[in-house]
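To find a chain, count down the sequence lines: A is the first, B the second, and so on, and within it residues start at 1. Heavy atoms only: backbone and side chains are in, while hydrogens, waters and symmetry mates are out.
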Protein chains: 2
Amino acid sequence: MAKDTKTALLDSAERAARTRGFDGFSYADLAQEVGIRKASIHHHFPTKAALSAAIMKRYTQAFAKACQSIDAECATGGARLAALIDRYRAALEGGQSLCLCVSFSTSRNSLPAEVISEIVGFRQMMLAWIAATYHLGGSDRSIAMVHDPAQEAAATLAMLEGAQLRARAEEDPAHFDNALGLLRSRLAR
Amino acid sequence: MAKDTKTALLDSAERAARTRGFDGFSYADLAQEVGIRKASIHHHFPTKAALSAAIMKRYTQAFAKACQSIDAECATGGARLAALIDRYRAALEGGQSLCLCVSFSTSRNSLPAEVISEIVGFRQMMLAWIAATYHLGGSDRSIAMVHDPAQEAAATLAMLEGAQLRARAEEDPAHFDNALGLLRSRLAR
DNA sequence: GTCTATAAATCGATAGAC
DNA sequence: GTCTATCGATTTATAGAC
């Protein structure tokens with residue numbers, strides 16, 4: 001079945017935002033990719049603010065679901081954290097893309113308030129999940145040297161996001177692996 | 001003595017780029033802040049590409065100098081790394097600003113080639129300095145548990161840059177301190 | 001070195017026909 | 001739901017007077 005226009009617009013907008021940033025994509029870009037006129041986009045999303053809020057909201061939900069899938073498929077904390085790292089690496093799309101939350105964070109002044117609170121919520125969700133994963137990994141001994149799960153979570157999320165920045169800037173995911181090597185070596189397999 | 005116009009433009013452009021991103025500032029913004037007409041900016045910097053390359057080049061030189069100052073003032077690896085962390089925190093300007101390298105990295109497709117290679121050079125310089133600092137800190141026992149300085153450097157730079165992202169997005173430097181807490185606790189004082 | 005004036009393109013958004 | 005047509009603002013950049 002063919003994608004409906006609204007979903008096609010969300011997909012195109014997410015890809016554009018993650019590749020070029022909030023101030024780097026326009027309705028004209030989406031119109032060309034989806035194959036409709038740019039005026040028609042306003043029927044589905046009245047403003048760019050509304051569209052941006054919609055893709056950030058959808059992105060958070062998809063990521064929460066992905067974390068649930070990891071929990072279902074991986075038993076140990078170490079395996080779960082390794083799976084999360086892999087997902088952040090996959091989000092790079094070969095060095096052409098970023099996590100939407102990372103991409104939006106450098107454009108704070110351009111963002112509507114809705115998007116900012118979505119970004120805050122996204123990170124809160126991620127930090128809670130990572131902290132729980134460290135707690136498990138400390139208990140089941142699948143992550144080495146866990147002292148404070150909350151502190152580890154804050155450090156890990158920063159590292160994941162920061163590692164994406166260099167990999168994106170140099171269009172080379174190897175830089176992501178480079179930054180995450182030390183953490184990965186703490187995980188049992 | 002009053003700042004010359006060219007320097008005033010560089011200062012204004014750097015501040016704008018670090019606050020709003022490459023695609024988020026315009027010649028009109030700089031003109032208003034510096035107090036000249038926007039056409040006059042082209043006399044000093046013919047294109048936005050040239051202006052951006054100039055601020056990135058100056059930023060790299062200033063940061064290299066700052067690292068030299070740290071080396072001169074701090075004897076141990078731990079003290080040097082702590083000073084670098086403090087500098088990344090100060091660059092936040094209370095949550096209103098980012099490292100220029102961080103800000104530019106999400107706008108790769110809009111950047112002229114000159115700026116991209118400057119960004120690559122900036123990170124290479126930082127990684128070399130951080131790795132050397134870890135090496136020293138391992139030797140003088142002022143940084144705990146140092147195994148591979150190069151890997152530590154890659155992880156640390158990612159963490160510094162990533163920690164800025166959240167602090168900027170939420171306009172609160174406390175989030176930066178949160179992410180860096182674990183690393184800071186490894187440093188002797 | 002700074003100005004006025006202007007160009008050509010693009011931005012997000014709206015009105016109204018179909 | 002998509003279209004054509006258009007609006008007003010803004011973008012980077014240039015020409016030429018002073």
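For DNA chain D, no neighbouring residue in residues 11-33 of chain A is found when judged by any heavy atom under 4.0 Å. Contacts between residues 36-50 of chain B and DNA chain D, defined by a heavy-atom separation under 4.0 Å, are made by B:Lys38, B:Ala39, B:His42, B:Thr47, B:Lys48.
Partners of A:Leu136 according to the side chain to side chain contact (heavy atoms under 4.5 Å, CB included) rule, which considers only residues two or more places apart in sequence or in another chain, are A:Arg80, A:Asp140. Considering only residues two or more places apart in sequence or on other chains, B:Asp148 meets the side-chain hydrogen bond (donor to acceptor under 3.5 Å, both in side chains) condition with none of them. The side-chain hydrogen bond (donor to acceptor under 3.5 Å, both in side chains) search around A:Arg18 returns A:Glu14, A:Ser97, not counting sequence neighbours.
Counting Ile, Leu, Val, Met, Phe, Trp and Tyr side chains that sit under 4.5 Å apart, directly or through other members, B:Val120 stands alone, with no cluster partners.
Summarising the geometry of B:Gly78 relative to B:Ser142, their closest heavy-atom pair is N-OG, 2.7 Å, with the distance given to 0.1 Å.
Ion pairing between B:Arg166 and B:Glu171 fails under the 4.0 Å rule for side-chain N and carboxylate O.
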Exercise for review: Could you walk me through whether A:Phe45 and A:Tyr27 pass the ring pair (Phe, Tyr, Trp, His ring centres under 6.0 Å) test, one step at a time?
Suggested key: CA-CA 10 Å; A:Phe45 302 99; A:Tyr27 272 37; 8.5 Å; no

